Structures are given as structure tokens and as C-alpha cells.
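Structure, as C-alpha cells:
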Amino acid sequence: MIKLMINEIEVEIPEGVTVLQACEIAGVEIPRFCYHERLSVAGNCRMCLVEMENSPKPIASCAMPASSGMIIKTNTELVEKARKGVMEFLLINHPLDCPICDQGGECDLQDQAMFFGKGFSRFEDLKRAVPDKNMGPLIKTTMTRCIHCTRCVRFANEVAGVDNLGAVGRGENVEISTYLEKTISSELSGNLVDLCPVGALTSKPYAFAARPWELEKTETIDALDSTGSNIRIDSRDGKVLRVLPRLNEYINEEWISDKTRFGIDGLSKQRLDNPLLRVNGKLKSTSWENAFNFIKHNINGLSSKQFGAVIGDQVDTETIYSLKKMFEKIGSDKISLSQYDHKFFKGNRSNYLFNSTIAGIDKTDVILLVGSNPKIVAPIVNARIRRNYLQRDIEIASIGSYKNNLTYDYKYLGSNINILNDLLNGSNNFIETLQNSDFPMIIIGDEVFDLDESENVQFMCIELLKKLNAFRSDWNGYNILNNTASIVGSLDILNEYTGITHNQILDQCKENKLKFLYLLGVDEVDYDYLDAFIVYQGHHGDKGAHKANVILPGSAYTEKSGIFLNLEGRLQICERAVFPPGNSREDWAIIRALSEVIGKKINFDTLEELRKKMFDEYPKIQSFKQESFNPIPKKGVLKNCSSYNLLSFKKNFYMTCPITRCSNTMAECSKFA
């Protein structure tokens with residue numbers, strides 16, 4: 001710790017911080033445009049000038065390291081005059097666009113001009129004009145407003161990992177450009193809108209939609225992937241207009257993916273808003289009462305063994321629990337954990353979680369990716385890996401179907417899973433890197449789960465980590481990179497209850513062993529060839545609804561209060577931002593009402609009662625505990641991996657669920673993917 005004087009008050013601060021950070025610790029606000037806590041220091045804007053004793057002129061506090069004995073003043077006449085001068089220069093070419101600028105009301109330049117500016121300009125020459133750049137379907141540019149803070153350039157290079165954004169020209173002719181007028185090819189490009197302190201980069205889909213003071217703000221979480229990014233939903237008149245990130249150092253820091261931010265226009269398109277019955281091959285709108293009675297009539301006479309269900313990708317944990325309780329009353333345990341045939345071992349929660357935690361990436365020194373593409377499945381996780389690769393030079397290797405562009409350099413070991421055998425017996429050179437690691441991490445992804453040998457690969461990874469002493473009281477290096485919001489909750493509730501897979505459900509339907517199939521938000525699989533009586537419950541009615549005899553309109557994640565467990569097993573509550581359209585209802589309430597009509601009533605009437613019963617039965621999901629302190633994942637029968645190449649997992653990042661498939665914005669992005 002070092003001591004220095006700030007405005008005649010002695011402050012004790014840690015070594016290595018800048019003068020600006022020291023002032024912030026002391027509670028003194030320093031204006032800035034180019035400085036950002038998560039980006040490298042540029043020192044472009046000079047707005048953060050302060051007076052330092054024995055310095056002949058004001059210093060840029062963002063670029064000056066703090067040292068012991070410094071005497072800093074931030075409120076002198078010299079500092080005030082310097083800031084006014086800087087602001088005057090920044091506004092020389094800035095247009096008076098505030099009434100028509102989408103940044104109006106939340107613009108740093110506006111705010112700081114009010115507090116630190118002169119209120120008039122001495123420059124009467126014509127302002128320069130800069131042509132707008134084409135940055136794709138997400139970012140609207142008005143480059144005449146740009147003040148060349150280079151936040152966007154640094155974010156693109158340092159966080160997003162794309163190098164096609166930079167400054168061209170010199171002096172007054174400097175322009176921020178994508179060089180060849182190309183789209184910024186990153187899953188995180190929308191964060192440029194948040195970073196821009198003026199109105200040069202704004203959201204193209206949100207252009208002229210609303211002013212910030214008109215919006216109702218709801219703090220919630222994202223359910224379009226398994227990361228559980230913390231977000232704020234801004235809505236007006238019952239419609240979601242935009243999504244912004246919320247700060248959470250343990251998960252998404254202050255970034256969100258483009259799918260999270262811009263896929264929201266799909267929420268209002270092709271929605272189910274009334275119960276539907278299939279009569280003579282055609283769907284007809286009906287009442288809830290008629291829909292439930294129709295289901296009751298068609299299940300009369302069925303035995304408990306003839307009931308089955310499948311859980312979809314965006315189902316909240318309360319709804320999964322409700323379905324389980326209804327099936328318990330029916331007497332069936334045939335509930336598929338998901339619409340994919342991904343298998344995880346029973347007995348230990350560590351078997352299907354990202355045990356090192358997302359924040360644990362800041363601790364690891366070696367990462368082995370096995371059949372995993374975090375850039376597509378979890379861009380926020382990938383961004384944290386990149387940051388640690390740049391700042392700490394961690395070693396990364398991959399076993400995958402092909403060499404991905406992961407925004408950082410890594411060693412590609414090949415596509416054959418028998419490489420794990422070579423690592424375990426020491427014949428692959430990368431084992432030396434793993435053995436020299438203090439905190440080795442293995443991340444297993446979708447390419448592995450699609451294999452018949454999936455469980456065997458998981459066993460091999462566990463054995464390799466045991467050899468590396470990666471299961472300790474302070475570290476668990478075994479990580480599953482799940483890709484759907486509901487899978488962890490589904491595993492927590494159902495993993496010990498059911499043993500049936502999705503393919504077994506389909507086989508039993510074909511063999512006429514299952515005659516009733518309940519599809520809960522299942523939208524990725526087509527069931528047209530099945531003869532079972534199908535009930536579909538969801539909000540858009542994608543593939544799962546094609547053959548359904550009854551369609552029950554549920555709520556999207558923005559329209560209900562629900563618990564989601566992210567890939568770490570961290571419990572987070574998704575809050576309602578708007579109400580569901582028409583006669584749609586919350587999903588758990590639909591199941592509760594249906595259970596009563598069919599004579600299998602479940603014992604709760606409110607969401608609070610449901611949660612209390614669920615937490616009593618499954619206390620492990622109630623609060624997040626660091627899975628790195630859990631015991632070694634449960635052992636199984638170890639077999640060497642066969643010589644088998646991983647299958648290609650080339651997924652369209654922008655089209656992964658019914659919401660994004662209905663989004664015009666995501667459709668535009670897909671053209672450039």
C-alpha cells in the first residue's frame with residue numbers, strides 16, 4: 001500500500017493503480033471519455049486532467065501511475081480551466097444533434113459538457129463532416145459525432161478478438177473505420193454501443209424507438225444460453241424494446257452477446273396467444289377449459305406406463321418441478337431431461353456443471369477444450385478466456401472436429417478422441433504442459449455429448465484430471481459447457497428420478513408403448529412421424545407443435561418470474577418485464593391447472609408455495625456453492641477411448657431457439673455469419 005494526498009486528504013491505495021483510480025478510491029469523480037476499466041489505457045481525450053505538485057502542466061490521470069508522496073489536486077482553477085479547454089476542443093466538430101440523437105438522455109458528452117464545459121464556443125469555422133461507415137445490421141454509425149476516444153477499437157482488439165476496426169488518417173482527418181466497410185464479425189459487437197460515450201455508434205434495431213426516460217426498466221437474466229448473463233430489459237407499453245448488460249463480475253462482467261441483446265424482436269412475432277385443438281387435422285382456437293377437458297378425455301384409460309414427457313431448452317426450474325410432481329401423481333417416470341441425447345452420470349452434481357466457475361478462468365493456467373467451441377456456445381466465457389490469454393498468457397489446447405477461430409491462439413491436438421488415451425499414458429507432448437499446471441482445466445462440449453462414447457470420454461477426462469491432482473479443496477478442473485438455459489435445472493430435479501433418454505422416448509412412441517407425450521417448450525425436434533397423443537406447451541410453437549393435438553400457450557423468459565440455474569449451477573431469478581400476449585399463462589400455472597382437471601392435483605397454489613416445496617426437496621439448488629470444493633465426480637468403469645473422430649459442430653449462433661429464429665435482426669446477422 002502507498003500513501004498520497006488528494007485534495008489535501010491523505011489516501012492509502014494499493015500499488016499499481018493510476019492517479020485516476022486513486023481519485024476514485026478517495027471518492028473524487030474524474031471526468032473521462034477514453035478511459036474504461038476493462039480496456040487498455042489510451043490517454044486520448046485528456047478530459048481527466050488533474051494538477052500534480054511540481055508538474056509544470058496538468059497531467060492525464062488515467063495514464064499516470066500513482067506513487068507514494070504524490071500531491072494531487074482536482075478542484076483548482078487550473079484544472080477547471082484545462083477541462084473547459086479540452087471540452088471546447090472536443091466540441092469543435094461535434095454536431096448539434098442532441099434532439100435527434102439516440103444517445104440523448106444517456107450521453108457522457110452531454111453530461112460532461114453540462115458540468116465541465118464552458119457553455120459556448122469561440123470557434124466559428126465550419127464543422128467537418130465524416131461519412132458514415134457500414135458496420136453491419138446491428139450498429140448504426142454517425143461518425144461526424146465521433147470524438148476518437150478509441151474505446152470501440154480497443155474493445156474489438158482486446159475483448160472481441162477482431163482486428164478489422166481501427167483509426168485511419170492523421171490529425172483532423174482521423175476516422176474510425178472498419179477499413180473495408182465490412183461487418184464486425186463478432187458475437188459481442190453490440191457492446192460497442194454501450195462503450196461509445198457519444199452518439200457515433202448506436203443500436204440500429206433500436207433506432208428512434210424510444211427515449212430512456214420513457215422506458216420501464218427490469219433487472220433480470222438472459223435465458224437464450226446457459227451462461228445466465230445479467231441483463232436489464234427496457235420495455236414500454238408491454239413490449240420489450242431493448243436489452244442492456246448489468247454488471248456481474250462473476251458471470252458476464254459488463255458484456256452480453258449479440259443474441260442476448262438483439263434477438264428480442266423475435267419475442268413479439270409468431271406468438272401463441274390462445275389454446276389450440278387439432279380437429280380433423282386443423283388447429284382451432286379454444287378456451288383453456290375446453291383444452292384441458294380434451295386432454296382429459298384422450299388420456300382416459302391409459303396406464304401410467306404410457307405417459308412420457310420431454311423438457312425443452314428455456315424451461316424454468318419451477319415448471320420442471322411442477323411437471324415432475326404431476327408425473328409422480330400419474331405414476332410415470334418417463335421424462336426426458338432434454339430434447340438431445342446428452343448423458344451425464346448420476347450421483348454427483350459435479351458431473352454436469354462448470355465446476356471451476358466462469359470466474360475461475362481467471363485462476364487457471366492451462367485449458368484443454370474437448371469437443372467444445374465456447375465462441376459459439378458461450379461467447380461470454382470465450383471472452384474471459386481471451387482476456388486471460390492476453391493478460392496472463394495461459395496455455396490452451398483443443399481436441400475438436402476442426403480448428404475453430406476462437407479469438408486466441410491455441411494448440412490444435414487433432415480430432416480423434418483417442419488423443420485422451422495418449423495424454424493419459426504420457427505419449428502426447430501436451431501432457432507436460434498439463435503436469436506443470438497448478439490449476440488445469442478441461443472443458444467438455446457438445447461434440448462429445450453427441451458421441452456414442454460420450455460417457456467414456458467423460459470418464460477419461462476425469463481420470464486425466466485425477467492424474468493431474470485437479471480435484472482438490474481449492475480446485476475442481478472438470479467442466480461441462482452446457483448450451484441451454486434449462487439443462488442444469490432439469491438435471492438437478494430429474495437426474496435421479498428418471499433414466500429414460502430422448503431416443504428411448506421416441507422408440508417407445510414408435511412401438512406404441514407411449515401413447516401420451518407432453519412436450520414442454522420442445523422446439524428443436526420434429527415429431528411429425530409419431531402417432532402418440534401430443535400436448536405441446538410453449539410460447540412460439542416451432543417444430544414441437546407441428547404434430548401436436550393440443551397446444552397450450554406459455555410465457556417467454558421476459559414474461560414470467562422463474563428460476564434458472566446457469567452452467568455453474570448458480571441460482572438466478574428471471575423477473576417478469578412484460579405480460580404474456582393474449583391468453584398465454586405462466587408455465588408452472590398451466591401444469592398446476594391441468595393436474596387438477598385430470599384428477600392428479602399437485603399440492604401448491606402459488607409460486608411461493610411451489611418454490612418452498614422445491615427448495616425443501618432439493619436444497620442443493622437454493623443457493624450457489626462453489627463446486628470447486630465438491631468431491632471428485634463419481635467413478636465409473638474406465639475404458640480407453642476408441643479411435644473415433646469428433647463430429648463437426650458448426651452451429652448458427654444467431655438461430656438457436658424459436659425466439660431467435662423469429663427475429664428479423666438475427667436473420668440479417670445470419671447472412672454475414
Side-chain angles (χ1 to χ4, degrees), residues 271-312 314-316 318-336 505 509 514-523 527 530-542 544-556 559-562 579-607 609-610 613-614:
R271 289 298 302 272
L272 299 172
D273 57 2
N274 265 315
L276 300 171
L277 299 182
R278 191 175 299 277
V279 180
N280 297 325
K282 294 184 178 180
L283 289 171
K284 294 186 177 181
S285 181
T286 188
S287 66
W288 282 102
E289 184 181 3
N290 287 341
F292 289 158
N293 286 328
F294 188 72
I295 295 171
K296 180 182 179 181
H297 174 74
N298 280 275
I299 64 175
N300 281 339
L302 297 184
S303 71
S304 60
K305 295 181 180 179
Q306 294 175 314
F307 285 78
V310 183
I311 306 294
Q314 295 174 7
V315 184
D316 56 274
E318 296 97 329
T319 304
I320 297 170
Y321 179 76
S322 300
L323 184 70
K324 181 204 171 219
K325 300 311 286 185
M326 184 173 76
F327 266 61
E328 279 181 351
K329 295 277 188 178
I330 291 170
S332 171
D333 62 354
K334 295 179 179 179
I335 306 177
S336 173
I505 290 267
C509 285
L514 275 181
K515 295 188 176 181
F516 176 85
L517 187 59
Y518 201 100
L519 303 179
L520 188 54
V522 177
D523 294 297
Y527 297 89
L530 299 183
D531 291 328
F533 182 83
I534 298 176
V535 175
Y536 169 87
Q537 179 180 326
H539 42 79
H540 275 76
D542 209 316
H546 288 179
K547 185 70 183 299
N549 301 88
V550 182
I551 296 177
L552 306 176
S555 303
E559 300 159 0
K560 60 186 174 184
S561 176
F579 285 93
N583 285 321
S584 303
R585 296 291 183 267
E586 292 195 19
D587 292 293
W588 75 268
I590 295 173
I591 294 172
R592 163 63 183 79
L594 175 61
S595 71
E596 186 169 1
V597 172
I598 64 174
K600 306 294 180 183
K601 182 180 177 182
I602 46 184
N603 300 319
F604 45 78
D605 297 315
T606 66
L607 186 60
E609 289 180 20
L610 188 163
K613 288 182 181 293
M614 181 173 69

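Since this is a predicted model, take the numbers as computed values, not measurements.
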Which pair of heavy atoms, one from [X] and one from [Y], lies closest together, and at what distance?
| X | Y | value |
| --- | --- | --- |
| Phe294 | Leu277 | CD2-CD2, 3.7 Å |
| Arg585 | Ser555 | O-OG, 2.9 Å |
| Pro275 | Asn583 | CD-CB, 4.5 Å |
| Thr606 | Trp588 | C-CH2, 3.6 Å |
| Pro581 | Ser584 | O-OG, 2.9 Å |
| Gly521 | Asp523 | O-OD2, 3.3 Å |

With a 3.5 Å distance limit and no angle check, can you tell me whether [X] reaches the backbone of [Y] through a side-chain donor-acceptor pair?
| X | Y | answer |
| --- | --- | --- |
| Asp587 | Gly554 | no |
| Asn290 | Thr286 | no |
| Arg271 | His539 | yes |
| Lys329 | Ser595 | no |
| Tyr527 | Lys547 | no |
| Lys334 | Lys305 | yes |
| Glu609 | Asp605 | yes |

Show your reasoning for whether side chain to side chain contact (heavy atoms under 4.5 Å, CB included) applies to Phe292 and Ile598.
CA-CA 8 Å; Phe292 289 158; Ile598 64 174; over 6 Å; no

Say you draw a straight line from [atom1] of [X] to [atom2] of [Y]; how long is it, rounded to the nearest 0.5 Å?
| X | Y | atom1 | atom2 | value |
| --- | --- | --- | --- | --- |
| Ile299 | Lys515 | CD1 | NZ | 14.0 Å |
| Leu302 | Phe533 | CG | CZ | 9.5 Å |
| Lys324 | Ile320 | NZ | CD1 | 12.0 Å |
| Leu552 | Ile591 | CG | CD1 | 9.5 Å |
| Ser322 | Glu586 | OG | CD | 10.5 Å |
| Asp316 | Leu607 | CG | CG | 8.5 Å |

Do [X] and [Y] have side-chain heavy atoms sitting under 4.5 Å apart?
| X | Y | answer |
| --- | --- | --- |
| Leu323 | Tyr321 | no |
| Ile335 | Ile311 | yes |
| Phe516 | Ile534 | no |
| Ser304 | Phe327 | no |
| Asn549 | Asn298 | no |
| Ile602 | Glu328 | no |
| Leu517 | Phe307 | no |
| Trp288 | Ile590 | yes |

Report the C-alpha distance between Gln537 and Val522 in whole Å, list the side-chain angles of each, state the deciding distance to 0.1 Å, and finish with yes or no for side chain to side chain contact (heavy atoms under 4.5 Å, CB included).
CA-CA 8 Å; Gln537 179 180 326; Val522 177; over 6 Å; no

Below 4.0 angstrom, N of the basic side chain to O of the carboxylate: do Arg592 and Glu596 qualify?
yes

Closer than 4.0 angstrom, basic N to acidic O: yes or no for Lys560 and Glu318?
no

Checking Leu276 against Val550 for the side chain to side chain contact (heavy atoms under 4.5 Å, CB included) test, could you report, in this order, the C-alpha distance in whole Å, the side-chain angles of both residues, the deciding distance, and whether it holds?
CA-CA 6 Å; Leu276 300 171; Val550 182; over 6 Å; no

